Amino acid sequence: MTEPQQPPQVDTNKIIEERRAKLQALRENGQAFPNDARRTDLAADLHAAYAGKENAELEPAAIKVAVAGRMMLKRVMGKASFATLQDMSGRIQVYVQTDAVGAEVHEAFKHWDLGDILAVEGTLFRTKTNELTVKAQSIRLLAKSLRPLPEKFHGLTDQEQKYRQRYVDLIMNTESRAVFVKRSQIVQGIREFFVARGYLEVETPMMHPIPGGAAARPFVTHHNALDMQLYLRIAPELYLKRLVVGGFEKVFEINRNFRNEGISTRHNPEFTMLEFYEAYRDYHYLMDLTETLIREVARKVLGTTTVTYQGTTLDLERKFDRLTMAQAIHQYHPEHALDDLAKVDYLRAALARHEVEVFPTDGLGMLQLKLFEQTTEEKLIQPTFIIAHPTDVSPLARANDRDPSITDRFELFMTGREIANGFSELNDPEDQAERFAAQAKAKEAGDEEAMYYDADYVRALEYGMPPTAGEGIGIDRLVMLLTDSPSIRDVILFPQMRQED
RNA sequence: GGGUGGUUAGCUCAGCCGGUAGAGCAGCGGACUUUUAAUCCGUUGGUCGCGAGUUCGAAUCUCGCACCACCUACCA
């Protein structure tokens, strides 16, 4: 891991050799990478602006435009050629004629390669097949591409290469570009949603002396000058609640968390979380807010609240179900009667049949949770809030007033996956201190995911935190859902991969 | 971590029962002044993922390793 970087590989590929020779010739003729070309027009803007114009009207008007982009297609026909340029907005065709640009330039153009970055100035016309085209008065090569692009028709299909060389994926695949544009719009929509409701966006530390706020294994790092061990954050929760203590009564943060755990189609070591906290609210309010948020973002970004994910249609308009774990188990497995699901012995027997590991210390809530996860979680396709989680597994959530063995907490499930997790916050400093102590004890006993005792967080609570509700939403998973992406790697620009070679 | 499948030219892919590798695109040379995956003629290009083994002979069969994908387990 700490080995020195390998020297860059010398690529002996013949195509690259030829392109290097072309670049060398360009260098000998002057500036090979000119930086004085100015673009005034984007492809999509031109298509939109002249959508209704016939060539009879367009060509005589001699509308001057300056476009630039990557050459994706090239068709040479003796004394005239067509090229297709791609810019950030889309594609536009360019017509290069010996009569218009001169024999020398056209001859040079014939030796430019797919992938080269070009600038074209000229006038608009429509070809006989009615395609809007720039007739070049001048055409320049701005940046030579040394590496050949994937095949123009099939594009890049190799999953590994799409992830490792995202830049090539983005050049070749419109659908990939669209996913990341949507991701950006979703994050923007969420940001606007909270700002419009008077929330303050904040940034809290990514490097924590004590990792907290979730049950997960952290990454460890070291600060040299301070000579101290630091952890990449597994959640921002404890810092955001310190801010609520400080008087920022409505805060949110959209940022990265890091968890040193397995990698899968649903897990990347770094992932983006939205967390938000609002004082003088409870978890019921959060559920309402979450429904509104997801509906509004879907409407804004997709234009609809009917979402198809991997062949399953989700209705985000309908009020989301709200069920306790026992109710959910009963609803999807009617053979488990509600009365029985409240009996410890019944649950132990049921779990034994499923061969689920249980501990003598597991109480009613824990047993229900285990049966729920085993039998029911994957069946929650339509948006469903599951409420009342056991206090044992919710060390930061407020205990229920009637039954302190459960908490005022919910998790939102869609397509059988957890999308959000929220609760009325525990603001009793003495209760919090006891729960930390229990977690610390579990950690000593070998539970690597158990929390540390965070004395400063308890000290903050001792100044008094207003009753508060807080929630976290996994942005990557939400984006997967809204873009119909099967893998989390499809919605993360540069997913974590094993080292090449 | 466990299971299944994959890895052949820059890219997309063929390659049968083992006989030492092929197409299309891209590239190079030529023809072509409205093409659009342009077309037509010619042509260069390979450590068949890596390493062993079986065999007269391995891209092909066997074993090991690496990486990727999918399923599964933990999690968000």
Side-chain angles (χ1 to χ4, degrees), chain A residues 11-19 21-22 55 59 72-84 91-101 103 106 110-111 113-115 125-133 135 145-165 168 172 213-217 234-235 256-275 357 373-374 377-378 393 411-413 417-421 448-449 471-478 480 486-490 495 497-501:
Chain A
D11 218 313
T12 53
N13 179 283
K14 193 177 175 194
I15 293 175
I16 294 174
E17 286 301 300
E18 281 164 357
R19 292 192 179 194
K22 290 177 184 177
N55 189 48
E59 197 159 4
M72 301 303 291
L73 295 169
K74 187 173 104 170
R75 298 173 287 280
V76 176
M77 301 166 299
K79 296 198 168 55
S81 303
F82 286 94
T84 302
R91 292 181 171 198
I92 184 110
Q93 181 168 262
V94 168
Y95 184 52
V96 186
Q97 231 180 351
T98 296
D99 291 349
V101 300
H106 190 216
K110 290 180 186 175
H111 295 277
D113 294 293
L114 297 187
F125 76 107
R126 282 188 190 279
T127 63
K128 65 184 185 190
T129 51
N130 215 34
E131 175 155 353
L132 186 68
T133 303
K135 185 178 286 182
S145 167
L146 296 177
R147 291 181 179 269
L149 290 175
E151 199 216 6
K152 62 191 175 189
F153 186 58
H154 295 95
L156 181 66
T157 60
D158 182 71
Q159 283 297 338
E160 178 177 359
Q161 215 180 331
K162 286 175 69 161
Y163 298 149
R164 287 193 192 277
Q165 294 183 267
V168 179
M172 299 307 297
R217 297 172 62 183
I234 54 174
R256 226 65 66 78
N257 289 347
F258 306 86
R259 298 190 184 174
N260 205 342
E261 292 168 351
I263 291 179
S264 77
T265 46
R266 287 183 279 286
H267 300 83
N268 195 62
E270 52 179 309
F271 62 99
T272 302
M273 275 282 278
L274 159 71
E275 285 206 10
E357 192 182 11
E373 286 178 346
Q374 177 70 26
E377 187 173 315
E378 63 181 17
V393 295
E411 290 185 332
L412 172 62
F413 291 87
R417 297 171 189 182
E418 186 186 337
I419 293 291
N421 174 25
E448 288 188 88
E449 292 186 350
E471 178 172 345
I473 298 182
I475 296 298
D476 311 273
R477 289 189 179 173
L478 184 63
M480 284 169 71
S487 169
I488 197 168
R489 291 176 168 193
D490 297 321
M497 303 285 278
R498 242 173 258 270
Q499 263 190 322
E500 275 181 281
D501 295 328

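Values below: all heavy atoms of this structure, side chains included; hydrogens, waters and symmetry mates excluded. Protein chains get the first letters and strands the later ones, always in sequence-line order, with residue 1 at the start of each. Bear in mind the structure is a predicted one, so any value in this text is a computation, not a measurement.
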What's [X] touching, base or sugar-phosphate or nothing? Going by heavy atoms closer than 4.0 Å.
{"X": "A:G472", "value": "nothing"}
{"X": "A:F125", "value": "base"}
{"X": "A:G78", "value": "base"}
{"X": "A:S81", "value": "nothing"}
{"X": "A:R417", "value": "nothing"}
{"X": "A:N268", "value": "base"}
{"X": "A:T84", "value": "nothing"}
{"X": "A:H106", "value": "nothing"}
{"X": "A:Q97", "value": "base"}

What closest approach, in Å, do [X] and [Y] show between heavy atoms, and which atom pair accounts for it?
{"X": "A:R259", "Y": "A:A214", "result": "NH2-CB, 3.4 Å"}
{"X": "A:A216", "Y": "A:I234", "result": "O-CD1, 3.9 Å"}
{"X": "A:L146", "Y": "A:R19", "result": "O-CD, 3.3 Å"}
{"X": "A:E261", "Y": "A:R217", "result": "OE2-N, 3.3 Å"}
{"X": "A:M172", "Y": "A:M72", "result": "SD-CE, 3.9 Å"}

> Are any of the side-chain heavy atoms of A:P150 and A:V168 separated by less than 4.5 Å?
Replying inline: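 The answer is yes; the side chains approach within 4.5 Å.
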>> Can you confirm whether A:N421 sits close enough to A:E411 that some side-chain heavy atom of one is under 4.5 Å from a side-chain heavy atom of the other?
In response: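 The answer is yes; the side chains approach within 4.5 Å.
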Quick one: which of [options] gets closest to the side chain of [X]?
{"X": "A:S264", "options": "B:rU72, B:rG27, B:rU33", "result": "B:rU72"}
{"X": "A:Y95", "options": "B:rU35, B:rU34, B:rC11", "result": "B:rU34"}
{"X": "A:E131", "options": "B:rC68, B:rU35, B:rA26", "result": "B:rU35"}
{"X": "A:H111", "options": "B:rU34, B:rC71, B:rG29", "result": "B:rG29"}
{"X": "A:D113", "options": "B:rC28, B:rU12, B:rG10", "result": "B:rC28"}
{"X": "A:M77", "options": "B:rA26, B:rC32, B:rC68", "result": "B:rC32"}
{"X": "A:E160", "options": "B:rA26, B:rC67, B:rU12", "result": "B:rC67"}
{"X": "A:E151", "options": "B:rC25, B:rA69, B:rC74", "result": "B:rC25"}
{"X": "A:K152", "options": "B:rU12, B:rU35, B:rA38", "result": "B:rA38"}
{"X": "A:R164", "options": "B:rC67, B:rC32, B:rA69", "result": "B:rC67"}

With rounding to whole Å, what would you report as the distance between [N] and [M] at their [atom1] atoms?
{"N": "B:rC61", "M": "B:rG46", "atom1": "C1'", "answer": "23 Å"}
{"N": "B:rG42", "M": "B:rU55", "atom1": "C1'", "answer": "41 Å"}
{"N": "B:rC32", "M": "B:rC16", "atom1": "C1'", "answer": "42 Å"}
{"N": "B:rU12", "M": "B:rU7", "atom1": "P", "answer": "12 Å"}
{"N": "B:rU35", "M": "B:rU39", "atom1": "P", "answer": "13 Å"}
{"N": "B:rC48", "M": "B:rG15", "atom1": "C1'", "answer": "10 Å"}
{"N": "B:rC40", "M": "B:rA52", "atom1": "C1'", "answer": "50 Å"}
{"N": "B:rU8", "M": "B:rU33", "atom1": "C1'", "answer": "42 Å"}

> Can you tell me how far CZ of A:R147 sits from CD1 of A:I15, rounded to the nearest 0.5 angstrom?
Replying inline: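 Atom-to-atom, A:I15:CD1 and A:R147:CZ are 11.5 Å apart.
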Could you give the [atom1]-to-[atom2] distance, from [X] to [N], as a whole number of Å?
{"X": "A:D158", "N": "B:rG6", "atom1": "CG", "atom2": "P", "result": "15 Å"}
{"X": "A:D490", "N": "B:rA69", "atom1": "CG", "atom2": "P", "result": "10 Å"}
{"X": "A:R217", "N": "B:rG1", "atom1": "CZ", "atom2": "C1'", "result": "12 Å"}
{"X": "A:R266", "N": "B:rU72", "atom1": "CZ", "atom2": "P", "result": "6 Å"}
{"X": "A:K162", "N": "B:rU7", "atom1": "NZ", "atom2": "P", "result": "19 Å"}
{"X": "A:K110", "N": "B:rA38", "atom1": "NZ", "atom2": "C1'", "result": "15 Å"}
{"X": "A:L114", "N": "B:rA26", "atom1": "CG", "atom2": "P", "result": "7 Å"}
{"X": "A:K74", "N": "B:rA26", "atom1": "NZ", "atom2": "P", "result": "10 Å"}

Is the shortest side-chain N/O distance from [X] to OP1 or OP2 of [N] below 4.0 Å?
{"X": "A:T127", "N": "B:rU35", "result": "no"}
{"X": "A:K79", "N": "B:rU34", "result": "no"}
{"X": "A:T133", "N": "B:rU35", "result": "no"}
{"X": "A:R75", "N": "B:rU39", "result": "no"}
{"X": "A:R498", "N": "B:rC68", "result": "yes"}

Hey, what are the protein-to-nucleotides 41-48 of chain B N/O distances that come in under 3.5 Å?
residue : atom : partner : partner atom : Å
B:rU44  : O2'  : A:K14   : NZ           : 2.4

> Pick one for B:rC17: is it syn, with its angle within 90° of 0, or anti?
Replying inline: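 Classified syn.
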Pair partner, [N] [Watson-Crick or wobble, under 3.5 Å]:
{"N": "B:rG51", "result": "B:rC63"}
{"N": "B:rC70", "result": "B:rG3"}
{"N": "B:rC17", "result": "none"}
{"N": "B:rC32", "result": "none"}
{"N": "B:rA58", "result": "none"}

> By ring-ring contact (aromatic ring centres under 6.0 Å, His included), which residues pair with A:F125, not counting sequence neighbours?
Replying inline: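 Testing A:F125 for ring-ring contact (aromatic ring centres under 6.0 Å, His included), a comparison that skips the adjacent residues, returns A:Y95.
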Side-chain donor-acceptor contacts of residues 73-82 of chain A below 3.5 Å, not counting sequence neighbours, with atom names and distances?
residue : atom : partner : partner atom : Å
A:K74   : NZ   : A:K110  : O            : 2.7
A:K74   : NZ   : A:W112  : O            : 2.6
A:R75   : NH2  : A:Q93   : OE1          : 2.7
A:S81   : OG   : A:H106  : NE2          : 2.6

> Between A:I263 and A:E59, which has a closest nucleotide on RNA chain B that is more 5'?
Replying inline: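 The residue closer to the strand's 5' end, by nearest nucleotide, is A:E59.
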> Can you tell me if A:N257 uses its side chain to pair, donor with acceptor, with the backbone of A:F271 under 3.5 Å?
Replying inline: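 Side chain of A:N257 to backbone of A:F271, a donor-acceptor pair under 3.5 Å: no, none is there.
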>> So does A:A100 get a backbone contact from the side chain of A:Q97, meaning a donor-acceptor N/O pair under 3.5 Å?
In response: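 Checked: no pair found.
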